[in-house]
Peer 1: 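Have a look at the structure that comes next, please.
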Amino acid sequence: ASMNNGSTWTARVTATAHDAGHAPVSGATVSGAWGGGASGTGSGTTESDGTCVIEKSGIPKRAGSVTFSVTGIDHATLSYAATNNHDPDGDSDGTAITVSKP
């Protein structure tokens, strides 16, 4: 999902962290890098439902889409297994997602 604001737009991605038994993990910091029409890094900390929203604002209108790639997840007691990444709704490969301009 994204918002449109004058000459720029904002991309928004939702990441979900869960454990090996698919239970939501809260308090995990999801970090990643923006690419495509945007640059820089972003992160968010998961809530009790295991999700967090990561936003990138100020994307120029000329950028038709941007990509967010997860680079790591940090948690106090659990370790991140990147090979277990998946995407239940099928709009990414579990590690990277492309957000199109609205």
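Computed from a prediction, not measured in an experiment: that's the story for all the values here.
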Peer 1: Got a second to check how far S31's OG is from I73's CD1, nearest 0.5 Å?
Peer 2: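 Result: 8.5 Å between the selected atoms.
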Peer 1: Apply the test side chain to side chain contact (heavy atoms under 4.5 Å, CB included) to residues Y80 and N85: give CA-CA distance (whole Å), side-chain angles for both, the deciding distance (0.1 Å), then the verdict.
Peer 2: CA-CA 10 Å; Y80 175 48; N85 284 357; 2.9 Å; yes
Peer 1: Could you state the interatomic distance from CG (D87) to OG1 (T16), rounded to the nearest 0.5 Å?
Peer 2: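 Answer rounded to 0.5 Å: 9.0 Å.
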Peer 1: Check for a donor-acceptor pair, side chain of K101 on one end and backbone N or O of K61 on the other, with a separation under 3.5 Å.
Peer 2: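 Such a contact is found between K101 side chain and K61 backbone.
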Peer 1: Go through the structure and list residues passing side-chain contact (heavy atoms from CB on, under 4.5 Å) with A38, not counting sequence neighbours.
Peer 2: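 Testing A38 for side-chain contact (heavy atoms from CB on, under 4.5 Å), a comparison that skips the adjacent residues, returns W34, K56, I59, V66.
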Peer 1: Side chains of T29 and D74: do they bring a donor and an acceptor to under 3.5 Å?
Peer 2: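 Looking only at side-chain atoms, D74 and T29 do not form any donor-acceptor pair under 3.5 Å.
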Peer 1: Provide the full list of ring pair (Phe, Tyr, Trp, His ring centres under 6.0 Å) pairs with a residue in residues 35-55, sequence neighbours left out, each pair given once.
Peer 2: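 Passing the test, one end in residues 35-55: no pairs.
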Peer 1: Using the ring pair (Phe, Tyr, Trp, His ring centres under 6.0 Å) criterion, which residues pair with H18? Sequence neighbours excluded.
Peer 2: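 Counting only residues at least two positions away or on another chain, H18 forms a ring pair (Phe, Tyr, Trp, His ring centres under 6.0 Å) with H22, H86.
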Peer 1: Distance-only check: which donor-acceptor pairs under 3.5 Å involve side-chain atoms of residues 44-51, not counting sequence neighbours?
Peer 2:
from	atom 1	to	atom 2	distance (Å)
T46	OG1	V25	O	2.8
T46	OG1	G27	N	3.1
T46	OG1	A28	N	2.9
T46	OG1	A28	O	3.4
D49	OD1	T51	N	3.0
D49	OD1	T51	OG1	2.8
D49	OD2	T51	OG1	3.1

Peer 1: Quick one: CG on D19 to CG on L78, what's the gap to the nearest 0.5 Å?
Peer 2: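 Taking CG in D19 and CG in L78, the distance rounds to 6.5 Å.
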Peer 1: Once rounded to the nearest 0.5 Å, what's the spacing between atom OG of S26 and atom NE2 of H75?
Peer 2: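 Going from OG on S26 over to NE2 on H75, the span is 6.0 Å.
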Peer 1: Please report the closest heavy-atom contact between A15 and V30, naming both atoms and the distance.
Peer 2: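 It is CB-CG1, 4.0 Å.
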Peer 1: Closest heavy-atom contact between A11 and V99?
Peer 2: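 Between these two residues, the closest heavy atoms are CB-CG1, 3.9 Å.
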Peer 1: Tell me, please, which residues at least two apart from S65 pass side-chain contact (heavy atoms from CB on, under 4.5 Å).
Peer 2: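 S65 satisfies side-chain contact (heavy atoms from CB on, under 4.5 Å) with T98, S100 once adjacent residues are dropped.
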Peer 1: Tell me, please, which residues at least two apart from T41 pass side chain to side chain donor-acceptor pair (under 3.5 Å).
Peer 2: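 T41 satisfies side chain to side chain donor-acceptor pair (under 3.5 Å) with no residue once adjacent residues are dropped.
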Peer 1: Checking S69 now: which residues fulfil side-chain contact (heavy atoms from CB on, under 4.5 Å) with it, not counting sequence neighbours?
Peer 2: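 Partners of S69 by the side-chain contact (heavy atoms from CB on, under 4.5 Å) criterion, ordered by chain and then number, come out as T67, A96.
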Peer 1: Minimum heavy-atom separation for F68 to V13, with atom names?
Peer 2: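 Nearest pair, atom of F68 first, then V13: CD2-CG2, 3.9 Å.
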Peer 1: With sequence neighbours excluded, tell me which residues meet side-chain contact (heavy atoms from CB on, under 4.5 Å) with S57.
Peer 2: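 In terms of side-chain contact (heavy atoms from CB on, under 4.5 Å), with neighbours along the sequence ignored, S57 is linked to T10.
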Peer 1: Minimum heavy-atom separation for W9 to P60, with atom names?
Peer 2: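 So the minimum-distance heavy-atom pair works out to NE1-O, 3.3 Å.
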